[in-house]
Every structure is written in structure tokens, then in C-alpha cells.
**Q** 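Dropping a structure here in C-alpha cells format, bear with me for questions.
Whatever order the structure lists them in is the order used to number ligands and atoms, beginning at 1.
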Amino acid sequence: VRHFVTQLNLFLFLSCKYLRQGRKFLVRKLTGRCELQRICYNNKSGAHRTLKIESSLKFSKSELLQSAVIVHPDSVEKTIDDIMTLKKIDPDINPQLGISLQASLLQIVGYHKLMAEVEKLRREPYDCNNPEHEEMLVKLWKALRPESPLTGRISKQWMEIGFQGSDPKTDFRGMGLLGLHSLLYFAEHDQAAALQVLHDSLQPKHSKMSKAEWDKKSFEKAIGYSFAIVGINITDLAYTLLVNGALKTHLYNVAPEIPNMVHFQQTFSYLMQEFHRFWTEEDPCDIMEFNRVRNKFYKRILTQLKDPDMVLCPHFTASDLHLITL
Ligand SMILES: *[C@@H]1O[C@H](CO)[C@@H](O)[C@H](O)[C@H]1NC(C)=O
Ligand SMILES: *[C@@H]1O[C@H](CO)[C@@H](O)[C@H](O)[C@H]1NC(C)=O
């Protein structure tokens, strides 16, 4: 029986493969267009189109098409020329095709490049002998506590912004410099939001309680959560979404061409704010529920990202901005 099942599987696999190729061949004969052309003509730009192009290239028979998804961004133009030649598409008759294909391919190879950059930062440990690292840490303090100067590099004050002890260095172990970069981006570029989240995270949970009730609860239980620690953990969440490919829909929809580090950090800033909102809605008893709330939040974001129209946070370019004010 097992033998039969194996054979059946093989048969089904081959049938699917040949059916797919046969169908592609037939459609090409009928429409005079190859699959890439049909995708480019029938789908609007962004994740709809780029995700289809990506899978069409990956599952192609041609080695040129298969390897197109991993070329260096500088070689994209040449790769497009080669594809047009291979598919016998005249660029003068189909000028839009090259443009669409190029934008999509830049997104595809750019996503891989971004993954490598993010991974490099994640692997770089925080080093207190590196003046650049130290400077970033001090900047983080200044952005989050503008009115309260730091009394020393090693200080209990760090706990005011949600580090675990008097030296933040140890808290960066899990995510390396990526955690610091993300927190600093959020604090500096979305400062009002970051200050609000920090402020709320420091609030006792049950503010309507009477003083007597309040004293009964332990301090630990009453507090919201540790801003910096949760920020480093949400960096991990953003990183996971990037590495498992879930962020493709969002990034292909917001980055016109190559998605870069700023796109990633904007995504992080959005996730921080959304997680904060979610945490508040879930109304957990204490920080012990972090695991549960985080998992639920992660699943929700994953589901949202399955929709190819999904944009986690809109990114406005200068030209968009004047349209909005009109
Ligand atoms: C995208 O293009 C493909 C290939 O032509 C087509 O089957 C699909 O329906 C199009 N999708 C949308 C959303 O238009
Ligand atoms: C973030 O939290 C999750 C769940 O509690 C945990 O599995 C993960 O290791 C944490 N990541 C970091 C960088 O601490």
C-alpha cells in the first residue's frame, strides 16, 4: 500500500507540474503573452504584483529566471534585459513591462538585502568601549527623558525608561545593536508617540483604586511594563516577521523599489504603538501575561499580513504629503 501511495504521490506531483507547464504553454499560445507579462498587465503595483512575480520566477524552469530573485540590486537592470531577450519580448512595444518588472525585482532582491543588514545588526553585540554605541545609548536617554539629565553612565535612572538594572548593556544581549537602533529610531523620529507609550507603560494599572486597595497590591503587579525591555522584545517580533517573509506584503506595498532599514524601523515604531494599544485592550493582570498577549498580538499581525493589500503603517513621501493637504 505504501508503495502505491508513493507512486500516486509521484504521479500527482508530475501531473501538477506538467499541467502547470501545459497550461502556461497554452495560455501563452492563446494570448501571445508569457506569464510575467500577464502578471504585470493584470495586477496593480505593490504586493499583489511582486508576490506573483516572485513565485513565478522561483518556480520557473529557466535557470535565469530562478536566479533572478537573488541577483545583486546593481544587476537588476541587466537581468531584466536578459529576461526580455529570453522571452523574446520587444521592449519598444512593451515599455511598461520592463518598468514594472524592474520595480518588482528591486523589491524582491531588496528584501533579501534588508534581511542581511538587519541580521548583521542583530549579531553585533553592544560594546561599551565603542564610542558610537555609547553615544546612541545617551541619545536614547535624551530623547525619552529630555528634562532629566543622566547622572552617570551606570545609574539606576535607566530603570525609568524600562531597562532592568543600572547598566542597559546586558539587556541588549538578545537582539544586539538592532534593539538599540530600533528604540532610538522610535524615540527620535516618533518622539511624541514614544513619550506617550513610555508614560502609559509607567502608569499603575488600576488607577481608580483607593489608596488602601492600592497598597495591598505589590508594586510589581501594579506597574504596566518595562518600556525598553518590551521594545527589545518587539524588535525580536519585527525581526521574526521579516525573516519568515510575512513582512513582504507590507514592504512591497510601501517601498516603491528597494525596501531599506528605515522601512524596517518605521515598521518597528508602528508595532510598538500597536502592541501598546493591544496590551491595554487585553488588560492583563500583570507582566506574567506578557507571553500570552505577545503570542496573540503576533498571530493577529500575521493574519493581517496575509492580505496582499495590507499596509501596516502608511509611508508618505514628500509628494504624497502635498496631496493630503490639498
Ligand atoms: C494577477 O495576474 C494573474 C495572471 O494574469 C491573474 O490570474 C490574477 O487574477 C491577477 N490578480 C489580480 C488581483 O488582478
Ligand atoms: C520575547 O518574548 C518571547 C515570549 O516571551 C520570547 O520567546 C523571546 O525569546 C523574547 N525575545 C527576546 C529578544 O527577549
Side-chain angles (χ1 to χ4, degrees), residues 114-128 130 133-134 136-137 139-141 143-144 158-187 190 193-194 197-198 200-202 205 218 220-247 250 261 263-305 312-313:
L114 177 60
M115 276 207 304
E117 285 167 13
V118 165
E119 186 62 43
K120 189 160 168 268
L121 273 184
R122 192 182 75 98
R123 283 171 185 260
E124 189 170 349
Y126 183 88
D127 173 8
C128 26
N130 185 328
H133 296 190
E134 290 282 292
M136 278 200 286
L137 194 55
K139 275 189 179 167
L140 178 65
W141 177 267
L144 292 174
W158 290 113
M159 293 165 77
E160 290 171 29
I161 58 172
F163 284 103
Q164 269 170 333
S166 48
D167 189 353
K169 137 185 128 180
T170 46
D171 291 330
F172 290 120
R173 254 175 307 191
M175 285 279 117
L177 273 200
L178 186 64
L180 179 54
H181 273 263
S182 306
L183 281 171
L184 184 59
Y185 182 90
F186 182 39
D190 230 338
V197 172
L198 171 62
D200 294 352
S201 75
L202 292 168
K205 203 173 111 52
S218 73
E220 261 302 298
K221 273 199 153 185
I223 211 85
Y225 58 79
S226 304
F227 178 85
I229 297 294
V230 166
I232 291 167
N233 197 283
I234 297 299
T235 307
D236 189 2
L237 191 142
Y239 166 80
T240 306
L241 291 171
L242 179 75
V243 171
N244 67 19
L247 272 191
H250 166 67
M261 194 54 99
H263 291 117
F264 179 75
Q265 283 162 340
Q266 285 174 334
T267 310
F268 166 77
S269 300
Y270 167 83
L271 289 172
M272 264 310 262
Q273 292 169 71
E274 280 304 295
F275 179 77
H276 180 69
R277 203 194 316 259
F278 191 73
W279 176 267
T280 314
E281 277 167 17
E282 286 287 306
D283 198 24
C285 291
D286 56 38
I287 196 68
M288 300 306 285
E289 288 195 68
F290 179 75
N291 244 335
R292 176 187 70 76
V293 177
R294 183 200 197 265
N295 270 338
K296 200 168 165 190
F297 177 70
Y298 177 72
K299 286 198 183 118
R300 189 156 105 158
I301 297 286
L302 264 190
T303 310
Q304 288 176 352
L305 286 169
L312 288 180
C313 44

**Q** Under 3.5 Å, side chain of R294 to main-chain N/O of N291, donor-acceptor pair present?
**A**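 Such a contact is absent between R294 side chain and N291 backbone.
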**Q** Can a donor-acceptor pair be found, under 3.5 Å and without considering hydrogens, that links the side chain of Q273 to the backbone of S269?
**A** yes
**Q** For the ring pair F290 and F275, is the centre-to-centre distance below 6.0 Å?
**A** yes
**Q** May I ask you to check whether Y298 and F278 place their ring centers less than 6.0 Å from one another?
**A** no
**Q** Salt bridge check: are R122 and E119 linked by an N-O gap of less than 4.0 Å?
**A**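 Yes, this pair counts.
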**Q** Who's touching ligand 2 if we go heavy atoms under 4.0 Å?
**A** M175, N233, D236, F290, N291, R294
**Q** Tell me whether R292 at atom CZ has more than 12 heavy atoms from other residues, nucleotides or ligands lying less than 6.0 Å away.
**A** yes
